[in-house]
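Data block below; observations after.
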Amino acid sequence: MKLIICVVSDNKDAHTLLEELMKKEYRVTKLASTGGFLKKGNTTLLIGVEQQQVDDVIQVIGNICQSRKQFITPIPPLPGPAEPFLSYPVEVMVGGAAVFVVDVEKSVKF
């Protein structure tokens, strides 16, 4: 058995991915999490599957969770001479998914 840990942006990607995985009858546990870089909400999905299902789940994730560019203001404007240099938006890549696949030594359901 394998555990797929999938971290996605807490936007339409998470909702759409969750619906698609449930439609395919994968058991999914959803956890709220927060990203370190942008301090934005994420969704972490825990998906327990058999070895032969791993590639299908990863394909579903890849089809739904696409990276995209977004402009952010890294720090709020500060009054004073540095203000013009610190308040400009910066383009960053957001979205997509971070996927980890780990072996499960034992799984018990009650």
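Each of V99, T44, L45, L31 was checked for a side chain to side chain contact (heavy atoms under 4.5 Å, CB included) with V7, and the lone residue meeting it is T44.
Put simply, the side chain of Y26 does not reach to within 4.5 Å of the side chain of I4, judged on heavy atoms. At least one side-chain heavy atom of C65 sits under 4.5 Å from a side-chain heavy atom of L17. With contacts defined as side-chain heavy-atom distances shorter than 4.5 Å, the pair R27/K109 qualifies. No side-chain heavy atom of V104 sits under 4.5 Å from any side-chain heavy atom of K2. Counting heavy atoms from C-beta outward, M1 and V49 have side chains that stay 4.5 Å or more apart.
Rounded to the nearest 0.5 Å, atoms CD1 (I47) and NZ (K30) are 13.0 Å apart. Put simply, CG on D13 and CG on L18 are 12.0 Å apart, with the number rounded to the nearest 0.5 Å. A distance of 14.5 Å separates CD in E19 from NZ in K24, rounded to the nearest 0.5 Å.
Placement of I61 and L46 in two distinct hydrophobic clusters is found when ILVMFWY residues are connected by side-chain heavy-atom separations under 4.5 Å, directly or transitively. Tracing side-chain contacts under 4.5 Å through hydrophobic residues (I, L, V, M, F, W, Y), one reaches M22 starting from I64; they form part of the same cluster.
At distances below 3.5 Å, at least one donor-acceptor pair connects side-chain atoms of Q53 with backbone N or O atoms of E50.
Using a 4.5 Å cut-off between side-chain heavy atoms of Ile, Leu, Val, Met, Phe, Trp and Tyr, F110 falls into a hydrophobic cluster with V108.
In terms of heavy atoms, V8 sits closest to A97 at CG1-CB, 3.6 Å.
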